[in-house]
Protein chains: 2
Amino acid sequence: MSDGVELRELRYFRAVAEELNFTRAAERLGIAQPPLSRTIRAMERRLGVRLLDRSSHGTELTAAGAVLLEQARLVLTAADAAVQRTVRAGRVEPRLVIAAQPSGHGGLLQRLVDQYHSSGVWPSAEVALGGWGAPTAMLREGRADVALLRDPFDPQGLDFEVVATEPRVAVLPHTHRLIAAKLLCRQDLAGEPVPRWRSEGHREAAYRAAVDHLPPEHPLPPGPEVNNLMELLEMVALGQGVAFLSESTAAQHRRADLVHVPVSDISPSRIYVAWPQGSRSPAVAAFVRCCLQEEEWPTD
Amino acid sequence: MSDGVELRELRYFRAVAEELNFTRAAERLGIAQPPLSRTIRAMERRLGVRLLDRSSHGTELTAAGAVLLEQARLVLTAADAAVQRTVRAGRVEPRLVIAAQPSGHGGLLQRLVDQYHSSGVWPSAEVALGGWGAPTAMLREGRADVALLRDPFDPQGLDFEVVATEPRVAVLPHTHRLIAAKLLCRQDLAGEPVPRWRSEGHREAAYRAAVDHLPPEHPLPPGPEVNNLMELLEMVALGQGVAFLSESTAAQHRRADLVHVPVSDISPSRIYVAWPQGSRSPAVAAFVRCCLQEEEWPTD
DNA sequence: AACGATTACGCCATACGTAATCATG
DNA sequence: CATGATTACGTATGGCGTAATCGTT
């Protein structure tokens, strides 16, 4: 039983497994092919497992290789995160870095930061904004300590709690037949196209549109793809679809040519506070405590 | 920005941080002190962070060092797990390893394994038993794929679902004043000593006794320490305390000198199925599906 | 032939150990 | 002075690059 692997080996393997080509992988790593080839073979011999099928028609992952690729990504991310967190903890004046998506929380983020600051002499807070998926990545990579997230997010490696729940509204063009309604249900809007997020290039973005805006039992009418909130609202204004946004998001982006109508039977939007699993940081704990004292979202 | 760390450095640092003494750490690692000292210093210089306070009165961790110790443990565990999972995935006939505590689930485990086996041509299942804390450790270290767990467990790095819920009973000596009762509430037994688990040497064992057997608002009457279930029952039989066990556990260990009485207001015992976070294994998914089809626990 | 992976071989970086040095109670 | 960390220095393991070889299409 040889004792283990080194990160260098995992970095090399990841490159090969992702490129499925030793030459390109070596280029990407900035080394020559032979050491790469040797390192992978040595690892295979040491573990007693074939990781790659080197057939004539190119290189393929074996089942074991697929497992190692997945695992190697986790280990390498964790190693980078370890360094990041250590360096940040060692700064003379450490900061609590709060990651969040821009303009998604109304005054909530501001209130939480204020409350956190007024709660004592903890490291001062600093907000880092990023698009969908960025806050969770920052947590995993050790570049942020805590994050405010909207409903569908990848919980891998994170702990989280619900901070607030708020109903969603339908955003309709002002020419829509239903703008006079006080309350809609999903059925009233069945068949209306719903724009889809394409923004961050993630597969999950499509998923987000589906899960975030509609319960899964409703089929999703295909709508135009949009890259951000402004495009989304423009699409709606142009009559290309309807959008379902949380009240606060909608309220922050009022337009004369759009109307908001509450919807009764859509899953409410939830805001979570999340942090790296097992974080022992007192500052994180203090911020989370602030979050959990937060009231239900005020309904305007 | 130097690119990162190597596992060797993290292994070295962990040894020093745990021993708080370079000499002992070097012995533990099987190397001489100088390379150890140099490696740590090099790491400090590269990261630009002091990890250890080397004062006269011994070596202490800095705040950053404490963070790195915690992180290093995670990374090293993840790296070992990566190897284990890869090796197991590469076996000619891979097995689904199910970790569980011995004799804690009545026929549940057997039923689940049978159901899993009859559900198709997946890798065959193999059960690995271990004391409290062992199943979760096996999952984290890549030595098991999935586990059946009882209520208080450390969820770090795991995903889980509830499989079954069952009420608890009080286990009383047959000489007890309340053996004729059909149903007790916690108040009836207030002040009775409750034996505590000492078994696995974990701090968590005490926590277990508290959270598992009693809601936290009840103060825990100090009871004798026991190492296993047999000792626990013996203590109860000797009149040294009362125990609160799940129905199925109690049922599997009937004794002529013990009586079981249902308790109304104690949190029920839950059985979970858990697996490494983000596991993509189809075999694990199949087993979890079997678990979720499981009915509520039959009440005898 | 051409492309991609592997083996052969010489070089250099770096991790190691021994021994000497420093700092502190 | 004794204990424990660091610096100095010579050695050697092993990871790298260049060049040659193998194996497919």
Side-chain angles (χ1 to χ4, degrees), chain A residues 2-62 64-65 68-69 72 76 79 83, chain B residues 2-62 64-66 68-69 72 75-76 79 83:
Chain A
S2 49
D3 64 323
V5 292
E6 280 300 326
L7 288 186
R8 182 183 56 90
E9 297 177 303
L10 294 182
R11 285 189 267 261
Y12 285 12
F13 176 75
R14 181 174 59 176
V16 175
E18 283 173 358
E19 300 287 345
L20 292 176
N21 177 312
F22 281 74
T23 309
R24 281 198 302 276
E27 278 169 20
R28 191 173 113 183
L29 292 166
I31 63 171
Q33 296 93 330
L36 181 57
S37 185
R38 263 181 282 135
T39 302
I40 302 296
R41 285 216 99 84
M43 192 161 49
E44 288 182 321
R45 216 151 12 86
R46 186 148 35 84
L47 302 185
V49 174
R50 281 260 306 263
L51 301 171
L52 297 163
D53 269 331
R54 301 143 172 98
S55 80
S56 336
H57 304 282
T59 305
E60 297 281 333
L61 282 174
T62 64
L68 186 58
L69 174 57
L76 292 168
V83 171
Chain B
S2 48
D3 66 323
V5 291
E6 280 301 324
L7 287 187
R8 182 182 58 91
E9 297 178 303
L10 295 182
R11 283 189 268 262
Y12 285 11
F13 176 76
R14 180 174 61 177
V16 174
E18 283 173 357
E19 300 286 345
L20 291 177
N21 177 312
F22 281 74
T23 310
R24 280 199 303 276
E27 279 169 19
R28 191 173 115 184
L29 293 166
I31 64 170
Q33 296 92 330
L36 181 56
S37 185
R38 262 181 283 131
T39 302
I40 304 295
R41 284 216 100 83
M43 193 161 46
E44 288 182 322
R45 212 149 20 80
R46 186 148 34 87
L47 302 185
V49 174
R50 282 261 304 265
L51 301 170
L52 298 162
D53 269 331
R54 302 143 173 98
S55 80
S56 335
H57 304 284
T59 306
E60 297 281 333
L61 282 174
T62 64
L68 185 57
L69 173 58
V75 172
L76 292 168
V83 171

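These numbers were taken from a predicted model, which means no experiment stands behind them. A, B, ... follow the sequence lines: proteins, then strands. Residue 1 opens every chain.
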Which nucleotide wins on minimum distance to the side chain of [X], given the candidates [options]?
{"X": "A:Ser37", "options": "C:dA5, C:dT18, D:dG4", "answer": "C:dA5"}
{"X": "A:Asn21", "options": "C:dG4, D:dA8, C:dA8", "answer": "C:dG4"}
{"X": "B:Pro35", "options": "D:dA5, C:dG17, C:dA5", "answer": "C:dG17"}
{"X": "A:Ile31", "options": "C:dA5, D:dG17, D:dG15", "answer": "D:dG17"}
{"X": "B:Gln33", "options": "D:dT6, C:dT7, D:dG4", "answer": "D:dT6"}

Starting at [atom1] of [X] and ending at [atom2] of [N], how long is that distance when rounded to a whole Å?
{"X": "B:Leu29", "N": "C:dA15", "atom1": "CG", "atom2": "C1'", "result": "14 Å"}
{"X": "A:Phe22", "N": "D:dG23", "atom1": "CZ", "atom2": "P", "result": "17 Å"}
{"X": "B:Leu7", "N": "C:dA15", "atom1": "CG", "atom2": "P", "result": "14 Å"}
{"X": "A:Arg45", "N": "D:dG14", "atom1": "CZ", "atom2": "P", "result": "12 Å"}
{"X": "B:Arg41", "N": "D:dA8", "atom1": "CZ", "atom2": "C1'", "result": "16 Å"}
{"X": "A:Met43", "N": "C:dT6", "atom1": "CE", "atom2": "P", "result": "12 Å"}
{"X": "A:Glu6", "N": "D:dG14", "atom1": "CD", "atom2": "C1'", "result": "13 Å"}
{"X": "B:Glu27", "N": "C:dG17", "atom1": "CD", "atom2": "P", "result": "13 Å"}

Check: Ignoring hydrogens and geometry, is there a side-chain-to-backbone donor-acceptor pair from B:Gln33 to B:Thr23 under 3.5 Å?
Finding: no
Next item on the list: Without swapping roles, check the side chain of B:Glu9 against the backbone of B:Ala42 for a donor-acceptor pair under 3.5 Å.
Entry: no
Checklist line | A:Arg38 (side chain) and D:dG17 (base): donor-acceptor pair under 3.5 Å | finding: yes
Next item on the list: Assess whether one donor atom and one acceptor atom, taken from the side chain of A:Arg54 and the base of D:dG23, lie less than 3.5 Å apart.
Entry: no
Next item on the list: May I ask you to decide whether A:Arg11 forms a salt bridge with B:Glu6, counting only side-chain N to carboxylate O separations under 4.0 Å?
Entry: yes
Margin query: Return whichever of B:Thr59 or A:Ser55 has its heavy-atom-nearest nucleotide of DNA chain D closer to the 5' end.
Written below: B:Thr59
Item checked: Non-hydrogen atoms of A:Tyr12 and A:Leu36 that approach each other most closely -> CB-CD1, 3.6 Å
Item checked: Heavy-atom pair with the smallest gap, counting every atom of B:Val49 and B:Ala64 -> CG1-CB, 3.3 Å
Next item on the list: Using only side-chain N and O atoms of B:Thr39, determine if any of them is under 4.0 Å from OP1 or OP2 of C:dA15.
Entry: no
